[in-house]
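Values reported hereafter were calculated over all heavy atoms of this structure, with side chains retained and with hydrogens, waters and symmetry mates removed.
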Amino acid sequence: VGTHHKTGTLWLNAVFRSICIANHLKYRSSCNIKPEDDLYDVYFHHSSRFDKPTLSQPFRGLHVIRDPRDIIVSGCFYHLRSDEAWLFEPQDHLNGRTYKDSICQLENLDEQLLFEMEHQGRWTINQLSCWDYTNPSFLEVKYEELIEDSTLLRFRDIFLFLGFPRSWIPGLVSIAYNNSIFSLNYHNAQHIRSGKPSDWQQYFKPMHKKRFLELFGNVLVKLEYEKDNNWALT
C-alpha cells in the first residue's frame, strides 16, 4: 500500500494496521525505501517509494494520490502547526534554517503557500508525476474518492482487488468505516484540517496558479484532475 504526504497516510495506515491486527496478519509500515525484513503480509509505505526487489515479488497493491493543489494547501497548514521532528532540523537547502522557521517567518499565507509549493509540496508532486501508472498490479485510487466514500463501496472494491477472502469483506469494511473521518468512532480528526476536495479554490490566487504551472506544467492533466490548463485562467 502506497500513499504520499497529505494523501491520507495516517488514516489509511490506521485502516490497514487494524485489518492486520484483527486478522492476525503481519504488518510493516515504513518511510524507508526498503522494508526492514520480508516477513509481512501487508507492507505500507508513506511515500510510495518501493524498491525493485519488493516489486519483483507477486503482489497486489494500492496507490493513493490527491489533487496536487490540495496537497499544497493541506501541507502548508499542517506544517505551520505540526511538531514533527524533521520540521525542526536545519536544512542545507534552506541555508541551515529549519522548515518550521522558514515557513512560519513568512509575512502572510500567500507567501507560505508559495514556499510550500516550492519545497515539500514540490517534492511530493514530483513523486506523483514520476509514478508508474501502468503497473497492473496496483489499483490507482484518488483520495477524493475515499474521503467521500460514506457507503464504503470503493473500499470494498479495494479489498477485493487486494485479494482478501470474500468472507472477510464485511469485517474489513467495518474496520474501514470505524477508521474513516465520517465515522463517530474516528479519533484522529486533529490531523485532518479539512480534507474536502478542491479546497485549493479558496486559497489559490493568480500568483499561485502561475507558479504552479511554472513548476508542474501538465501534471493535473496527467493525473486526470483537469482536462487542460484553463483552470489557471479562472
- prompt: Given the rule that I, L, V, M, F, W and Y join up when any side-chain heavy atoms are under 4.5 Å apart, are Val73 and Leu128 in one cluster?
  reply: yes
field: Ser102 side chain vs Thr98 backbone, donor-acceptor pair below 3.5 Å
entry: yes
task: Answer yes if the side chains of Tyr99 and Glu89 hold a donor-acceptor pair under 3.5 Å, and no otherwise.
output: no
Asp149 side chain to Tyr177 side chain, donor-acceptor N/O pair below 3.5 angstrom: no
query: Could Lys26 and Tyr43 be counted as a cation-pi pair, given that NZ or CZ must be under 6.0 Å from the ring centre and within 45° of the axis?
result: no
Test item: Gln127 and Ser48 side chains (from C-beta on) under 4.5 Å apart, heavy atoms: no
message: Main chain of Ala14, side chain of Ser18: is a donor-acceptor contact present, judged purely on distance under 3.5 Å?
response: yes
query: For Asn108 and Glu111, what are the C-alpha separation, side-chain angles and deciding distance, and is it a side chain to side chain donor-acceptor pair (under 3.5 Å)?
result: CA-CA 6 Å; Asn108 52 54; Glu111 294 296 323; 5.3 Å; no
- request: Just say parallel, tilted or perpendicular for the rings of His63 and Phe138, cut-offs at 30° and 60°.
  value: perpendicular
task: Report the C-alpha distance between Asn126 and Ser129 in whole Å, list the side-chain angles of each, state the deciding distance to 0.1 Å, and finish with yes or no for side chain to side chain donor-acceptor pair (under 3.5 Å).
output: CA-CA 5 Å; Asn126 285 339; Ser129 182; 5.8 Å; no
- request: Apply side chain to side chain donor-acceptor pair (under 3.5 Å) to Gln91 and Trp86, showing your working.
  value: CA-CA 9 Å; Gln91 303 291 327; Trp86 72 270; over 6 Å; no
- line: d(Leu139 CG, Ser137 OG) to nearest 0.5 Å is 11.0 Å
message: Any heavy-atom pair between the side chains of Asp67 and Pro197 that's under 4.5 Å?
response: no
Can you give each donor-acceptor pair under 3.5 Å made by side-chain atoms of residues 153-176, sequence neighbours left out, with the distance rounded to 0.1 Å?
from: Arg154; atom 1: NE; to: Glu145; atom 2: OE1; distance (Å): 2.7
from: Arg154; atom 1: NH2; to: Glu145; atom 2: OE1; distance (Å): 3.4

- prompt: Do Phe115 and Leu94 touch side chain to side chain, with heavy atoms closer than 4.5 Å?
  reply: yes
task: Not counting sequence neighbours, which residues clear salt bridge (charged side-chain N to carboxylate O under 4.0 Å, His left out) with Glu118? List them please.
output: Arg211
field: Step-by-step side chain to side chain donor-acceptor pair (under 3.5 Å) determination, Glu116 to Tyr78
entry: CA-CA 10 Å; Glu116 179 70 19; Tyr78 176 69; over 6 Å; no
field: Gap separating the NZ atom of Lys6 from the CZ atom of Arg66, nearest 0.5 angstrom
entry: 7.0 Å
field: N/O donor-acceptor pair under 3.5 Å between Thr124 side chain and Gln120 backbone
entry: yes
field: Salt-bridge present (Arg69, Glu226; N to O < 4.0 Å)
entry: yes
- prompt: Is it true that His4 and His46 have ring centroids separated by less than 6.0 Å?
  reply: no
field: Centroid-centroid under 6.0 Å between Phe59 and Phe50 rings
entry: no
message: Between Tyr40 and Arg28 (side chain of the first, backbone of the second, donor and acceptor by atom type, cut-off under 3.5 Å), is there such a pair?
response: no
task: Quick one: pull up CG in Leu12 and OG in Ser29 and give me the separation to the nearest 0.5 Å.
output: 11.0 Å
Single-linkage hydrophobic cluster Trp200~Leu109, side-chain heavy atoms < 4.5 angstrom: yes
- prompt: Phe212 and His208: ring pair (Phe, Tyr, Trp, His ring centres under 6.0 Å), yes or no, with the steps?
  reply: CA-CA 6 Å; Phe212 185 96; His208 303 114; over 10 Å; no
